[in-house]
Amino acid sequence: MDIEQLRKNLAGVDREILELVAMRQELARSIGELKDRGELSLRDFSQEKAVLERARQVAVELGVSTEVAEDLMHRLIRYSLTVQERQRLATHGGGSGQKALVIGGAGKMGAWFCSFLTSQGFAVEIGDPQRPADELAWVADWRDGDLEADMIVVAADIRSTHSILESLAEIRPSGVIFDIGSLKTPLRKPLEVLVSSGLEVTSIHPMFGPGTELLSGRHVIVVDLGCPAANRRVGELFQSTMAEVVEMRLDDHDRVVAYILGLSHALNIAFFTALAESGEAAPQLAKLSSTTFDSQLDVAAVVARDNPHLYFEIQHLNEYGGESLAALVDAVERVQTVVRNGDEESFAALMEQGQAYLADRGTLKR
């Protein structure tokens with residue numbers, strides 16, 4: 001056979017693989033229905049382990065790379081869980097007959113919430129100057145939207161959110177109000193005004209991006225503003241998912257976020273800034289890259305693609321942000337000092353301290 005015939009045969013095999021994936025997903029849907037009837041957890045780690053072990057064994061028998069087999073099965077497991085989570089959300093979501101207004105629904109996270117609420121049966125309306133790509137009800141000015149909606153979601157940038165919350169305090173809608181901002185201390189004043197006005201209000205931080213499909217292993221922080229009914233109602237939105245809902249005080253949230261977001265963002269911005277200003281041409285570095293460099297580059301690329309103005313807000317508007325940035329500067333200076341001084345013992349001590357911390361966090365096995 002010539003190369004074209006071999007490629008044709010390969011295309012046929014690819015189709016068969018995808019047909020089997022589709023068949024597997026139908027089985028996953030059926031399993032999801034049985035889990036629902038038996039009120040079983042969607043995620044079964046012992047079963048996932050069995051699937052991976054079986055894949056490794058079959059890969060050895062067939063002479064296929066076990067690494068490829070594991071990677072493929074991880075993706076298929078994740079795909080199956082996503083299908084089952086969406087299935088459960090559609091079945092048990094509590095939005096049927098209710099309405100939601102998503103202010104900023106044409107943005108990335110706003111669109112995510114529109115899809116999330118729609119999947120639960122909410123009739124969603126978007127209030128955004130930019131017309132959304134989907135066919136949901138839309139008004140350019142959110143004030144012209146359904147302010148009697150059961151739920152009002154504010155999915156705008158932090159500065160706009162501050163202004164919108166102030167306006168909502170004047171309008172006094174009857175539904176549950178919540179924002180999804182990455183920071184809460186800049187919103188303290190309008191949130192306090194909303195609460196003091198007797199409105200049902202809370203504030204959440206979904207700890208994931210708009211590309212997230214499966215919520216297993218993800219966290220949703222609910223900032224407790226003293227309205228337990230609002231906390232409970234918004235928490236119920238995620239009850240049928242595998243996300244973990246965590247309640248926090250407002251100041252605790254921003255202090256933690258200074259490290260979880262502020263530190264990690266700053267580290268990657270510093271990394272690609274150092275590379276861009278190093279004078280080393282990108283193609284040359286690509287030829288000589290290492291496993292560690294490539295992994296760090298992948299993370300940095302995710303940060304570089306995101307909204308720089310949002311990232312600036314996260315750094316600049318956080319009352320606790322200076323602490324994590326100072327810690328980063330101090331850590332880099334200490335590494336620089338021990339290397340310059342040839343202090344191998346201190347260098348090793350820094351590494352060992354990191355190993356202990358990551359092991360306690362569960363990221364690194366002792």
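The distance from the CD1 atom of I221 to the CD1 atom of I204 is 10.0 Å, given to the nearest 0.5 Å. Put simply, CG on N268 and OG1 on T273 are 10.0 Å apart, with the number rounded to the nearest 0.5 Å. Annotation: the span from T202 atom OG1 to R232 atom CZ amounts to 11.5 Å, rounded to 0.5 Å. Interatomic distance, M248 CE to D224 CG, rounded to the nearest 0.5 Å: 12.0 Å. Separation of atoms CG (L215) and CE (M207) is listed at 13.5 Å; rounding is to 0.5 Å. Annotation: the span from D330 atom CG to L325 atom CG amounts to 12.5 Å, rounded to 0.5 Å.
Counting only residues at least two apart or in different chains, ring-ring contact (aromatic ring centres under 6.0 Å, His included) contacts with residues 50-108 are absent. Annotation: side-chain hydrogen bond (donor to acceptor under 3.5 Å, both in side chains) contacts involving residues 42-52, sequence neighbours excluded, comprise R43-E48, R43-S216, D44-S46.
Cluster annotation: L237 and L136 are assigned to the same hydrophobic cluster (Ile/Leu/Val/Met/Phe/Trp/Tyr, side-chain heavy-atom contacts under 4.5 Å, transitive). I103 is not connected to F178 by any chain of hydrophobic side-chain contacts under 4.5 Å among Ile, Leu, Val, Met, Phe, Trp and Tyr, and they are in different clusters. The hydrophobic clustering, which links ILVMFWY residues whose side-chain heavy atoms are closer than 4.5 Å, places L117 and V222 together.
The shortest side-chain heavy-atom distance between R88 and T91 does not fall under the 4.5 Å cut-off. At a threshold of 4.5 Å between non-hydrogen side-chain atoms, the residues V257 and Y320 do not count as touching. A heavy-atom distance below 4.5 Å is not found between the side chains of V201 and L168. Side-chain contact between N9 and M1: present, with at least one pair of heavy atoms (C-beta onward) separated by less than 4.5 Å. Residues I126 and D134 meet the side-chain proximity criterion, which asks for heavy atoms closer than 4.5 Å. Inter-residue side-chain proximity for V195 and C227 is flagged as met; some heavy-atom pair is nearer than 4.5 Å. Side-chain contact between D254 and P186 is present, with heavy atoms from C-beta onward closer than 4.5 Å. No side-chain heavy atom of L317 sits less than 4.5 Å from a side-chain heavy atom of F312.
Summarising the geometry of F271 relative to A300, their closest heavy-atom pair is CD2-CB, 3.7 Å, with the distance given to 0.1 Å. What you find for S324 and A258 is that their closest heavy atoms are OG-O, 2.8 Å. Minimum interatomic distance between P173 and I177 (heavy atoms only, all atoms of both residues): CG-CD1, 3.7 Å. Taking all atoms of both residues into account, the shortest heavy-atom contact from Q25 to S80 is OE1-OG, 3.0 Å. Residue R233 comes nearest to G94 through the heavy atom pair NH2-O, 3.8 Å, listed as atom of the first residue, atom of the second, then distance. Counting all heavy atoms, side chain and backbone alike, L214 lies closest to T212 at O-CG2, 3.4 Å.
In terms of modelled atom types and a separation under 3.5 Å, the side chain of S167 and the main chain of S163 share a donor-acceptor contact. A distance-only check finds no donor-acceptor pair linking the side chain of D150 to the backbone of G175 [under 3.5 Å]. Remark: the backbone N or O of D157 is not paired with any side-chain donor or acceptor of E313 at under 3.5 angstrom. Between the side chain of S115 and the backbone N or O of W112, no donor-acceptor pair lies under 3.5 Å. Proximity of a side-chain donor or acceptor of E125 to a complementary backbone N or O of G145 within less than 3.5 Å is not detected. The backbone N or O of V302 sits nowhere less than 3.5 Å from a side-chain atom of D306 that would complete a donor-acceptor pair. Within the 3.5 Å criterion, the main-chain N or O of L42 finds a donor-acceptor partner in the side chain of K35. The closest donor-acceptor contact from the side chain of S197 to the backbone of L199 lies at 3.5 Å or more, if one exists at all. Counting only distance, with no hydrogens or angles, the side chain of Q87 and the backbone of R29 share a donor-acceptor pair below 3.5 Å. Proximity of a side-chain donor or acceptor of W138 to a complementary backbone N or O of D128 within less than 3.5 Å is detected.
Within 6.0 Å of atom CZ in R75, 12 or fewer heavy atoms from other residues, nucleotides or ligands are found, so the atom counts as exposed in its surroundings. Counting non-hydrogen atoms of neighbouring residues, nucleotides and ligands closer than 6.0 angstrom, the CZ atom of F347 reaches no more than 12 such neighbours. Other residues, nucleotides and ligands place no more than 12 heavy atoms under 6.0 Å from the CD atom of E345. Counting heavy-atom neighbours within 6.0 Å of E61 CD, excluding the residue itself, gives a total above 12. Atom CG of L34 is surrounded by more than 12 heavy atoms from other residues, nucleotides or ligands within 6.0 Å.
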Under the criterion salt bridge (charged side-chain N to carboxylate O under 4.0 Å, His left out), I'd like the reasoning laid out for E192 against K189: C-alpha separation, chi angles, the key distance, then a yes or no. CA-CA 5 Å; E192 287 176 347; K189 185 176 178 181; over 6 Å; no
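Looking at V303, L328, V332 one by one, the single match for side-chain contact (heavy atoms from CB on, under 4.5 Å) with L267 turns out to be L328.
Ring geometry for F113 versus F116: interplanar angle over 60°, hence perpendicular rather than tilted (30 to 60°).
Salt bridge E19/R15: present, at least one basic N to carboxylate O contact under 4.0 Å.
Judged by distance alone, the side chains of D179 and T161 never bring a donor and an acceptor atom under 3.5 Å apart. Remark: the R86 side chain and the S119 side chain contain no N/O donor-acceptor pair separated by less than 3.5 Å.
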